[in-house]
Amino acid sequence: MRIMLDRCELATTFSDEQRIDMCNALDAAKIAYSLRKRAYKGASGRRESMSVIYVRREDVDAARA
């Protein structure tokens, strides 16, 4: 298991559109980020996906703005 001590969780989203919008905004602001995606079965039995976006601790305030 990799521990990311210099990273903070910026957002967790279940929407692909929202994830794409956030990643595009971070790219435009030239803020480095990492993305972790997980797939799971939702309550309806369908395959769902969850995305977690991480940024460096120094960039958290700029990324939230």
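Along the sequence shown, residues are numbered consecutively beginning with 1. Predicted model only: the values in this text are computed from it and were never measured.
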A.B. asks: Hydrophobic clustering (ILVMFWY, side-chain heavy atoms < 4.5 Å, transitive) - are Val52 and Tyr33 grouped together?
C.D. replies: no
A.B. asks: Can you sort out the partners of Arg46 under salt bridge (charged side-chain N to carboxylate O under 4.0 Å, His left out), two or more places apart, ordered by chain and number?
C.D. replies: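 Glu48.
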A.B. asks: Using the side-chain hydrogen bond (donor to acceptor under 3.5 Å, both in side chains) criterion, which residues pair with Gln18? Sequence neighbours excluded.
C.D. replies: Thr13
A.B. asks: Would you say Arg7 and Val55 make side-chain contact, with heavy atoms under 4.5 Å?
C.D. replies: no
A.B. asks: Assess the residue pair Met50 and Thr12 against the criterion (side chain to side chain contact (heavy atoms under 4.5 Å, CB included)); give the C-alpha distance rounded to whole Å, side-chain angles, the decisive distance to 0.1 Å, and a yes or no.
C.D. replies: CA-CA 7 Å; Met50 176 181 77; Thr12 301; 3.8 Å; yes
A.B. asks: Which residues, ordered by chain and number, are linked to Ile20 in its hydrophobic cluster, where ILVMFWY side chains connect at heavy-atom gaps below 4.5 Å, directly or through other members?
C.D. replies: none
A.B. asks: What residue pairs, at least two apart or across chains, pass salt bridge (Lys or Arg N to Asp or Glu O under 4.0 Å) with a residue in residues 14-24?
C.D. replies: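 For residues 14-24: Asp16-Arg19.
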A.B. asks: Evaluate the side chain to side chain contact (heavy atoms under 4.5 Å, CB included) criterion for residues Leu10 and Leu26: first the C-alpha distance (whole Å), next the side-chain angles of each, then the deciding distance (0.1 Å), finally the verdict.
C.D. replies: CA-CA 11 Å; Leu10 177 66; Leu26 290 169; 4.0 Å; yes
A.B. asks: When the side chains of residues 58-65 are checked against the rest of the protein, which donor-acceptor pairs come out under 3.5 Å, sequence neighbours left out?
C.D. replies:
from: Asp59; atom 1: OD2; to: Arg56; atom 2: NE; distance (Å): 3.2
from: Asp59; atom 1: OD2; to: Arg56; atom 2: NH2; distance (Å): 3.2

A.B. asks: Is the shortest side-chain heavy-atom distance between Tyr54 and Leu35 below 4.5 Å?
C.D. replies: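 SC-SC contact between Tyr54 and Leu35 ruled out.
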A.B. asks: Who passes side-chain hydrogen bond (donor to acceptor under 3.5 Å, both in side chains) against Ser49, sequence neighbours left out?
C.D. replies: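 side-chain hydrogen bond (donor to acceptor under 3.5 Å, both in side chains) list for Ser49, sorted by chain: empty.
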